[in-house]
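Down below is the structure, laid out as structure tokens.
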Amino acid sequence: MKALSIREPYAWEIIMGDKTIEYRTWLPGKVSTFLLVSTATPSVTDFGWGLPNGYALAIIKIDAVSDNKSHGSYSWHVSVENLVKPFPVKGRLHFYQVDDAKIETLPHLLDSLMVYREDKGSKKTGNFVEQYVNPLLKIGYGQMPKKYQKIIERTGDWHAAAETWYKSRNSGTH
């Protein structure tokens with residue numbers, strides 16, 4: 001399957017339905033679905049927020065493509081077609097091939113994903129949280145620098161780690 005790497009937290013925002021347009025300077029050609037892979041390096045605006053980097057996450061459908069001439073790019077209108085059991089992928093630029101045999105879809109989680117998008121506290125999100133979110137957070141936590149893991153362990157607060165990261169990033173000491 002064709003795959004495309006997207007930085008966190010943007011990959012997660014696509015899964016959550018918060019990011020429905022992916023901007024690219026090139027057209028997808030004949031590709032109408034792709035394997036969403038989080039890049040190995042998170043965006044410069046966050047330290048990963050506990051999200052995994054370098055993992056296949058979902059199969060994404062390109063619903064439409066429009067020309068965004070004012071920005072010199074194309075707007076790919078995207079949606080989640082299916083979730084996949086996360087597995088590590090070495091990403092590349094542009095589309096690249098990932099062996100179909102490595103992709104295990106999780107269609108039984110789509111309904112609870114939709115409920116989660118609407119109400120994260122709903123009891124009907126249990127399967128999605130237990131079988132998808134929690135394993136992803138475990139991977140992402142393990143990838144997080146020990147400095148931030150220790151803050152979370154000490155305080156029990158992700159926000160405290162994020163605040164420390166933000167301060168060190170702005171002071172140039174991270």
Side-chain angles (χ1 to χ4, degrees), residues 1-65 73-114 116-117 125 127-149 152 158 161-162 165 169 174:
M1 171 173 250
K2 294 291 184 187
L4 183 65
S5 294
I6 298 176
R7 290 193 188 279
E8 289 294 14
Y10 311 116
W12 183 249
E13 290 174 355
I14 290 172
I15 293 170
M16 289 296 100
D18 297 330
K19 183 176 184 349
T20 58
I21 298 176
E22 175 64 18
Y23 296 99
R24 295 285 161 160
T25 58
W26 46 278
L27 291 168
K30 294 182 181 185
V31 176
S32 60
T33 59
F34 63 88
L35 181 66
L36 171 62
V37 175
S38 59
T39 60
T41 306
S43 74
V44 296
T45 61
D46 77 320
F47 67 99
W49 290 99
L51 299 170
N53 294 289
Y55 275 76
L57 301 173
I59 296 173
I60 302 300
K61 181 179 176 190
I62 302 172
D63 299 308
V65 177
S73 63
Y74 298 96
S75 301
W76 299 9
H77 303 264
V78 295
S79 61
V80 174
E81 183 173 285
N82 215 329
L83 297 171
V84 300
K85 184 176 180 181
F87 62 95
V89 174
K90 181 167 175 51
R92 296 181 190 93
L93 295 176
H94 215 280
F95 283 125
Y96 53 93
Q97 196 66 34
V98 171
D99 183 0
D100 288 352
K102 294 181 177 181
I103 303 169
E104 181 183 337
T105 59
L106 304 170
H108 65 284
L109 297 180
L110 288 175
D111 287 342
S112 55
L113 163 63
M114 297 308 161
Y116 185 85
R117 286 178 173 181
T125 66
N127 287 341
F128 176 69
V129 171
E130 290 170 22
Q131 297 174 29
Y132 192 76
V133 175
N134 289 345
L136 286 178
L137 291 175
K138 185 176 180 181
I139 294 165
Y141 181 81
Q143 293 175 330
M144 187 181 293
K146 298 284 186 220
K147 170 181 177 178
Y148 304 112
Q149 288 180 10
I152 293 168
W158 285 82
W165 172 85
R169 185 178 185 284
H174 69 109

- Task: Taking the side chain as every heavy atom from C-beta outward, state whether Leu110 and His108 have any atom pair closer than 4.5 Å.
- Result: no

Mind listing the side-chain donor-acceptor pairs of residues 78-95 below 3.5 Å, one per line with the distance, residues two or more places apart or on another chain?
residue	atom	partner	partner atom	Å
Ser79	OG	Asp63	OD1	3.3
Ser79	OG	Asp63	OD2	2.8

- Message: Within this structure, what is the CG-OG1 distance for the pair Leu35 and Thr105, rounded to the nearest 0.5 Å?
- Response: 11.5 Å

- Pairwise distance OG(Ser5) to CZ(Phe34) - rounded to 0.5 angstrom: 10.0 Å

- Item | Non-hydrogen atoms of Gln131 and Pro135 that approach each other most closely | O-CG, 3.7 Å

- Item | Worked check of side-chain contact (heavy atoms from CB on, under 4.5 Å) between Glu8 and Thr39 | CA-CA 7 Å; Glu8 289 294 14; Thr39 60; over 6 Å; no

- Message: Using the side chain to side chain donor-acceptor pair (under 3.5 Å) criterion, which residues pair with Glu104? Sequence neighbours excluded.
- Response: none

Using residues 17-29 as the side-chain source, report each donor-acceptor pair under 3.5 Å to any protein atom, sequence neighbours left out, with the distance given to one decimal.
residue	atom	partner	partner atom	Å
Lys19	NZ	Ile21	O	2.7
Lys19	NZ	Glu22	OE1	3.0
Glu22	OE2	Arg24	NE	3.0
Glu22	OE2	Arg24	NH2	2.8

- Would you please name every residue forming a side-chain contact (heavy atoms from CB on, under 4.5 Å) with Asp111, sequence neighbours left out? none

- Note on the structure: Rounded to the nearest 0.5 Å, the CG atom of Leu36 sits from the CD1 atom of Ile60 at a distance of 5.0 Å

- Item | Set of residues satisfying side-chain contact (heavy atoms from CB on, under 4.5 Å) with respect to Thr125, sequence neighbours excluded | Val115, Tyr116, Ser122, Val129

- Just wondering, do Trp76 and Leu4 contact through their side chains at under 4.5 Å, heavy atoms? yes

- Item | Over all atoms of both residues, closest heavy-atom pair of Met1 and Asp100 | N-OD1, 2.5 Å

- The single option from Leu57, Leu113, Asn127 passing side chain to side chain contact (heavy atoms under 4.5 Å, CB included) against Tyr132: Leu57

With a cut-off of 3.5 Å and sequence neighbours excluded, list every side-chain donor-acceptor pair involving residues 136-144.
residue	atom	partner	partner atom	Å
Tyr141	OH	Gln149	O	3.3
Tyr141	OH	Glu153	OE2	2.8
Gln143	OE1	Asn53	N	2.6
Gln143	NE2	Asn53	O	2.8

- Task: Supply the atom-to-atom distance Lys2 NZ to Gln97 CD, rounded to the nearest 0.5 angstrom.
- Result: 5.0 Å

